[in-house]
2 protein chains.
Amino acid sequence: MDFSELKSVCGGCTIRELCLPAGLSDEEVLLLDQHMAHRQVVKKGESLYRTGDAFRSLFAVSTGFFKTSILHEDGRAQVTGFQMAGEILGLDAISTDQHICDAVALEDSAVCEITFDRFEELGQLMSNLQHRFNKTLSREIVRDQGVMLLLGSMRSEERLAAFLVNLAKRFAARKQSGSELVLRMTREDIGSYLGLKLETVSRILSRFHDQHLLEVRGRNVRILDQQGLNKLIEGS
Amino acid sequence: MDFSELKSVCGGCTIRELCLPAGLSDEEVLLLDQHMAHRQVVKKGESLYRTGDAFRSLFAVSTGFFKTSILHEDGRAQVTGFQMAGEILGLDAISTDQHICDAVALEDSAVCEITFDRFEELGQLMSNLQHRFNKTLSREIVRDQGVMLLLGSMRSEERLAAFLVNLAKRFAARKQSGSELVLRMTREDIGSYLGLKLETVSRILSRFHDQHLLEVRGRNVRILDQQGLNKLIEGS
DNA sequence: GAGTTTTTTTGATCTATATCAAAATATAGA
DNA sequence: TCTATATTTTGATATAGATCAAAAAAACTC
């Protein structure tokens, strides 16, 4: 981890409205900025934090791409999410003051750090910030329950379709192409997230390719038929 | 729903430390009490709220047992949780101001309601309450990610063992027997929660019975070998 | 840029869990 | 208490996805 102390600048950040400062006034953002610790770089493959680490700060992904995974005693791991610009890492640690997952950068990335104690103080000063943060936490609950639905009641093709459509939407919200995806994670990571084996993920991608839903070239995926994918997700 | 306005009395509540007032001083609890809307009864089979309902309040389960489930377009449903005394219903709705699941009472139950607007105001007055509430939201995230691990990487027997051990722990924390469980939900509900079919749940319960891990008589389950169940969960 | 390692694809086969079916119980209603 | 309905159990069979295996393609390393 590179601790070069670049001062955060939420005010000028392009993804401000997708991140913690969403919905804050300029003055409020300024106050938030003053309390942000610093920006730090996490190289591809490095961990931002690991299971068991003491919880001190939340991290907002500035640039790059992360995965979080929890480890079962016996070595099995479950990928619980993939985070991109504007998304917050560390929310799960608030409950126990310890991180309960590993956060690993899947490409060279940068995060903005804010000490949680500081952040809570700010929440007391700015009811608006606190209100938005409650929503952020709740949104994570909704997301997690969506994954439960995926894992609990959808078939493998539906899961993968839902995964790709979700990724595409999030890229699109960040003004990146919503049809040209570069997957930062391995087939195994995708499989772990979706409760499937990597071979199954690979086979289904090939099948989608054959059905002209996607064009798959390794980790480069182009969505050719968004409609078709959506139909797969909904239609039983 | 019975709207008889029984005044809430967190102060005198036996499960106070498992609920929203956890960790608050007597004075703080008094203030919280003054802002609780009322207690209300939900009869077995009735909904406390349904998907799409406007979100106004959080509900703390006072007595009884609930299940929450989200509905997929095509009719499939996924049970996302079972809530008992002290646990909070409605956390997922904060993000969108709409309920995204149904909350159904599985036995005659009572809940304590608090308007969320009021609650947020209180959070501004009592940093302690806000701090605890952040933890409550985070704890729900941790719980959900535990379910992801369950659904994504555990086999059917392990899932059911984990489910039973979890229920037993929660009953025990409420000074009820941690070995004599009365399941309030159907095999189908359990199956939906665990990503299994009801027949599979039934078969595994029978198998556990044969292996003297449990004594199963319909919905009455006695845990005979907690150790054995734990071994199942951990050991691959 | 050749060599090593990691990731991905594809095929053949196996297996855990689903599905279909029917009897046995339990629960609720009159 | 009797009847109707819903739930649970158990068996027989089917199947989606796992596992095992090996080649092909990418991605690092020196």
Side-chain angles (χ1 to χ4, degrees), chain A residues 43-46 67 76-79 104-108 150-164 181-211 214-221 232 236, chain B residues 43-46 65 67 76-79 104-108 150-161 163-164 181-211 214-221 232 236:
Chain A
K43 284 282 180 58
K44 179 174 177 174
E46 288 183 348
K67 74 170 174 186
R76 276 179 290 186
Q78 170 75 24
V79 172
V104 177
L106 295 181
E107 61 179 321
D108 289 354
L150 202 99
L151 293 173
S153 13
M154 290 168 71
R155 284 171 310 103
S156 59
E157 287 197 350
E158 301 171 319
R159 293 185 204 182
L160 199 58
F163 169 73
L164 292 169
L181 310 180
V182 180
L183 303 179
R184 252 62 233 220
M185 69 295 280
T186 66
R187 304 288 193 253
E188 187 167 19
D189 287 333
I190 299 174
S192 172
Y193 183 62
L194 299 177
L196 302 171
K197 291 293 153 183
L198 69 95
E199 294 95 328
T200 304
V201 173
S202 176
R203 272 181 240 277
I204 294 173
L205 284 174
S206 300
R207 203 179 307 157
F208 284 175
H209 185 108
D210 294 346
Q211 298 167 340
L214 305 176
E215 192 182 309
V216 183
R217 283 201 340 283
R219 296 197 181 177
N220 298 289
V221 172
L232 257 180
S236 180
Chain B
K43 284 280 181 60
K44 179 176 178 174
E46 287 183 348
F65 205 87
K67 73 169 174 187
R76 277 178 290 186
Q78 171 75 25
V79 171
V104 177
L106 294 181
E107 61 179 322
D108 291 353
L150 202 98
L151 293 173
S153 14
M154 289 167 72
R155 286 172 310 104
S156 58
E157 286 198 350
E158 300 171 319
R159 293 185 203 181
L160 199 57
F163 169 74
L164 292 170
L181 310 180
V182 180
L183 303 178
R184 252 62 233 221
M185 69 296 278
T186 66
R187 304 288 193 255
E188 186 167 21
D189 287 333
I190 299 174
S192 171
Y193 183 63
L194 298 178
L196 303 171
K197 292 294 154 182
L198 68 95
E199 296 94 328
T200 305
V201 173
S202 176
R203 271 182 241 277
I204 294 173
L205 285 175
S206 300
R207 204 179 307 157
F208 284 176
H209 184 108
D210 294 347
Q211 298 168 340
L214 305 177
E215 191 181 309
V216 183
R217 281 202 339 283
R219 297 198 181 175
N220 298 289
V221 173
L232 257 180
S236 181

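Chain letters run A, B, ... following the sequence lines, proteins first, then strands; residues in each count from 1. A quick note: this is a predicted structure, and the numbers were derived from the prediction, not measured.
For C:dT9, one of the phosphate oxygens OP1 or OP2 lies less than 4.0 angstrom from a side-chain nitrogen or oxygen of A:Arg187. The phosphate of C:dT17 has OP1 or OP2 within less than 4.0 Å of a side-chain N or O from B:Ser156. Dashed line: the shortest gap from a side-chain N or O of A:Thr200 to OP1 or OP2 of D:dG17 is not under 4.0 Å.
Among the nucleotides D:dT10, C:dT8, D:dA21, the one closest to any side-chain atom of B:Ser202 is D:dT10. Among the nucleotides C:dT17, D:dG17, D:dT7, the one closest to the side chain of B:Thr186 is D:dT7. When distances are taken from the side chain of A:Val216 to each of C:dT10, C:dT9, D:dT10, the shortest belongs to C:dT9.
In this structure C:dA30 sits in a base pair with D:dT1, meeting the Watson-Crick or G-U test at under 3.5 Å.
The shortest non-hydrogen separation linking B:Leu151 to B:Arg159 is O-NH2, 3.3 Å. Across all their heavy atoms, B:Arg184 and B:Arg219 have their closest contact at O-NH1, 3.5 Å. Closest non-hydrogen pair, A:Leu160 versus A:Ile190, comes out as CD1-CG2, 3.8 Å.
Summarising the geometry, the separation between CZ on B:Arg203 and C1' on C:dA16 is reported as 11 Å, rounded to the nearest angstrom. Rounded to a whole Å, the CG atom of A:Leu214 is 12 Å from the P atom of C:dT9. Taking atom CZ of residue B:Arg159 and atom P of nucleotide C:dT17, one finds them 7 Å apart after rounding to whole Å. Between the NZ atom of A:Lys197 and the P atom of C:dT7 there is a distance of 15 Å, given to the nearest Å. B:Ile190 has its CD1 atom 14 Å from the C1' atom of D:dT9, to the nearest Å. As a whole-Å value, the separation of A:Glu188 CD from D:dA18 C1' is 14 Å. Rounded to whole Å, the distance from CZ on A:Arg155 to C1' on C:dA18 is 12 Å. The distance between atom CG of A:Leu194 and atom C1' of D:dA16, rounded to the nearest whole Å, is 15 Å.
With contacts defined as side-chain heavy-atom distances shorter than 4.5 Å, the pair A:Val221/A:Phe208 does not qualify.
Salt bridge annotation for A:Glu46-A:Lys43: absent, with no cationic side-chain nitrogen under 4.0 angstrom from a carboxylate oxygen.
Residue contacts shown for B:Gly195 are limited to sugar-phosphate atoms, with no base heavy atom under 4.0 Å away. Using a 4.0 Å heavy-atom cutoff across all strands shown, B:Leu198 reaches at least one base atom of the nucleic acid.
More than 12 heavy atoms of other shown residues, nucleotides or ligands fall within 6.0 angstrom of atom CD in A:Glu157. Shown here is A:Glu188, whose CD atom has no more than 12 heavy atoms of other residues, nucleotides or ligands within 6.0 Å.
A distance of 9.5 Å separates CZ in A:Arg155 from CD1 in A:Ile204, rounded to the nearest 0.5 Å.
Positionally, the nearest nucleotide of DNA chain D for B:Met185 lies more toward the 5' end than for the other of A:Glu199 and B:Met185.
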Review item, nucleotides 24-29 of chain C N/O atoms under 3.5 Å of protein N/O:
unit_1, atom_1, unit_2, atom_2, d
C:dA28, OP1, B:Lys44, NZ, 3.2

